[in-house]
Number of protein chains: 2
Amino acid sequence: MCIIVSHKLMKQITINECVEHCRASGLRRTKALKELLITFLESKRPMTLNELADSPRMVDQCDKATIFRLLRRLIEHGMVRRLGLHERAAYFTLLIPGSHHDYLICTRCGTIEQVNAPCPVHALENEIREKTGFRDLYHELEFFGICPSCC
Amino acid sequence: MCIIVSHKLMKQITINECVEHCRASGLRRTKALKELLITFLESKRPMTLNELADSPRMVDQCDKATIFRLLRRLIEHGMVRRLGLHERAAYFTLLIPGSHHDYLICTRCGTIEQVNAPCPVHALENEIREKTGFRDLYHELEFFGICPSCC
DNA sequence: GTAATTGCAAATACTTTGCCACGTA
DNA sequence: TACGTGGCAAAGTATTTGCAATTAC
């Protein structure tokens, strides 16, 4: 069995899988849905609503509100995730030297608490610093889930 | 030497240190600044602008615009950090089963790229799942820094 | 035919700035 | 006194919704 698959073919497979998954979830097979999925698969990094709407595939193709509602449906069906711990608003944190914290957030009630455990990413951070040449490196680590009270 | 310090005293020390640090950076010793720092130190978790403005210490005390500008100054002086990889807008990402990525973001030019290394937090994630009873746990990990092109 | 989806425009919400008064150094 | 800071109000930008028209099934 051949495990060497062209990226194009791979993408094609994944797109069809994605569309089928959406169909199975009750979504309709619309052009906007397919184009959005392709845009995501081609991007390799998280995208904002504006970036999605302005991408070559979607501009002049469908309204920003449509993409917004598509994203919402895809999130509801677990196919898309909205990054970060914000509900619209930005979060700020005080930086105390020598004090780093990771957070555990309930996606249902929104509670944010500190994780009281040694942060396991320092080694990777050092590796990245050495290999990429990035300066002033730091990281953010958040765990999300449904807390016992909300289960 | 006594290492047992009351939380209240500890906080007092930290607040004074913070205020002094601000003074050394050229900021003025205003009431709003001190109240904001105390609010942060009392919260133990990241806060939004609205949360800060509505907190008991700050409500009816100073304007939201004032807090906004204070936060901006504190960020400029490296005493506060704004969480997440957003410049105002939310980021979305497609969820492909079995595919997890961490990201490396340049805080100067905004470039976002995938980190091609095994993610080191699975063990901690399992530990959190067992110890806290959170369900449907997942995590986000981002590294921030200044990329070689921007240095 | 029916129900989901879309476009357009309007409403919300969060963020940011202008301007002048005020307080800190 | 001089300049950073504050309050208030308005502007700017992102998100979200209402409704009628359209499209997928």
Side-chain angles (χ1 to χ4, degrees), chain A residues 16 18-39 46-55 57-77 79-93 110, chain B residues 16 18-39 46-55 57-77 79-93 110:
Chain A
N16 288 340
C18 285
V19 174
E20 283 316 311
H21 191 145
C22 290
R23 284 291 301 126
S25 298
L27 301 193
R28 293 191 173 179
R29 194 191 308 271
T30 64
K31 184 157 173 95
L33 173 61
K34 187 171 181 183
E35 295 299 324
L36 176 59
L37 292 174
I38 296 176
T39 303
M47 306 271 282
T48 66
L49 180 56
N50 274 325
E51 286 174 341
L52 290 166
D54 292 341
S55 73
R57 273 188 183 282
M58 324 250 358
V59 73
D60 300 330
Q61 175 69 230
C62 70
D63 194 81
K64 205 178 288 186
T66 298
I67 302 178
F68 171 79
R69 283 179 283 214
L70 262 177
L71 287 170
R72 185 164 54 191
R73 276 173 232 143
L74 291 170
I75 290 171
E76 281 164 8
H77 291 95
M79 307 196 55
V80 164
R81 180 175 293 160
R82 182 176 181 156
L83 296 187
L85 65 169
H86 55 275
E87 291 303 327
R88 275 189 95 163
Y91 279 84
F92 301 89
T93 186
Chain B
N16 288 341
C18 285
V19 174
E20 284 316 311
H21 191 145
C22 289
R23 283 292 300 126
S25 299
L27 300 193
R28 293 191 171 176
R29 194 190 309 273
T30 64
K31 181 155 177 120
L33 172 62
K34 186 170 181 183
E35 295 300 323
L36 176 58
L37 292 174
I38 296 177
T39 305
M47 306 271 281
T48 66
L49 178 56
N50 275 326
E51 286 173 343
L52 290 166
D54 293 341
S55 75
R57 272 189 185 280
M58 322 247 4
V59 74
D60 301 330
Q61 175 69 229
C62 70
D63 195 80
K64 206 179 288 185
T66 297
I67 303 177
F68 172 79
R69 283 179 284 215
L70 262 178
L71 287 171
R72 187 165 51 190
R73 277 173 230 144
L74 292 170
I75 290 171
E76 280 165 9
H77 292 95
M79 308 196 53
V80 164
R81 180 177 293 159
R82 183 176 181 155
L83 297 186
L85 65 170
H86 56 276
E87 291 304 324
R88 280 192 86 165
Y91 278 84
F92 301 89
T93 187

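Below, chains carry the letters A, B, ... as their sequence lines are ordered, and counting in each starts from 1.
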Nearest-0.5 Å distance, CE of residue B/Met47 to OG of residue B/Ser55: 5.5 Å
Helix axis bend for the helix from C/dG1-D/dC25 to C/dA25-D/dT1 - C1'-based end axes, five pairs, 10° rounding: 40°
To the nearest 0.5 Å, how far apart are CG in A/Leu83 and CZ in B/Phe92? 9.0 Å
The first and last nucleotides of DNA chain C lying within contact of chain A, meaning any atom under 4.0 Å from one of its heavy atoms, run from C/dA3 to C/dT15
The side-chain hydrogen bond (donor to acceptor under 3.5 Å, both in side chains) partners of B/Lys34 (sequence neighbours excluded) come to none
Distance, rounded to the nearest Å, where A/Asp54 contributes CG and D/dA14 contributes C1': 13 Å
Tell me, do B/Leu36 and B/Thr66 make a side-chain contact under 4.5 Å, heavy atoms counted? no
Rounded off to whole Å, could you give me the CZ-to-P distance for the A/Arg88 and D/dT13 pair? 16 Å
Please step through side-chain contact (heavy atoms from CB on, under 4.5 Å) for the pair A/Leu27 and A/Leu74, ending with a clear verdict. CA-CA 9 Å; A/Leu27 301 193; A/Leu74 291 170; 4.0 Å; yes
Can you list, in residue-number order, the parts of residues 20-31 of chain A that come under 4.0 Å of DNA chain C, counting heavy atoms only? A/Leu27, A/Arg28, A/Thr30
Tell me, with the steps shown, if B/Cys22 and B/Met79 meet side-chain contact (heavy atoms from CB on, under 4.5 Å). CA-CA 8 Å; B/Cys22 289; B/Met79 308 196 53; 3.5 Å; yes
Gap between atoms NE2 and P, on B/His77 and D/dG4 respectively (whole Å): 11 Å
Distance check needed: D/dG6 C1' versus B/Glu35 CD, whole Å only. 15 Å
Would you sort out whether B/Met58 and B/Ile67 count as a side-chain contact (heavy atoms from CB on, under 4.5 Å), showing the intermediate values? CA-CA 9 Å; B/Met58 322 247 4; B/Ile67 303 177; 3.9 Å; yes
CG (A/Leu85) and OH (A/Tyr91) are apart, to the nearest 0.5 Å, by 5.5 Å
Kindly state which residues belonging to residues 60-75 of chain A come within less than 4.0 angstrom of DNA chain D, counting heavy atoms of the residue only, listed by number. A/Ala65, A/Phe68, A/Arg69, A/Arg72
When rounded to the nearest 0.5 Å, the distance separating CD of B/Gln61 from CZ of B/Arg57 is 9.5 Å
List in chain and number order the residues that pass side-chain hydrogen bond (donor to acceptor under 3.5 Å, both in side chains) with B/Arg29, two or more places apart in sequence or in another chain; answer none if no residue qualifies. B/Glu20
Might you point out which heavy atoms bring A/Glu51 and A/Pro46 nearest each other, and give the distance in Å? OE1-O, 4.0 Å
Using the side-chain contact (heavy atoms from CB on, under 4.5 Å) rule, take B/Leu49 and B/Phe68 through it: C-alpha gap first, then chi angles, then the decisive distance, then the call. CA-CA 7 Å; B/Leu49 178 56; B/Phe68 172 79; 4.2 Å; yes
Rounded distance (Å) that lies between atom P of D/dG6 and atom NZ of B/Lys34: 15 Å
Distance check, rounded to the nearest 0.5 Å: B/Thr93 atom OG1 versus A/Arg81 atom CZ? 8.5 Å
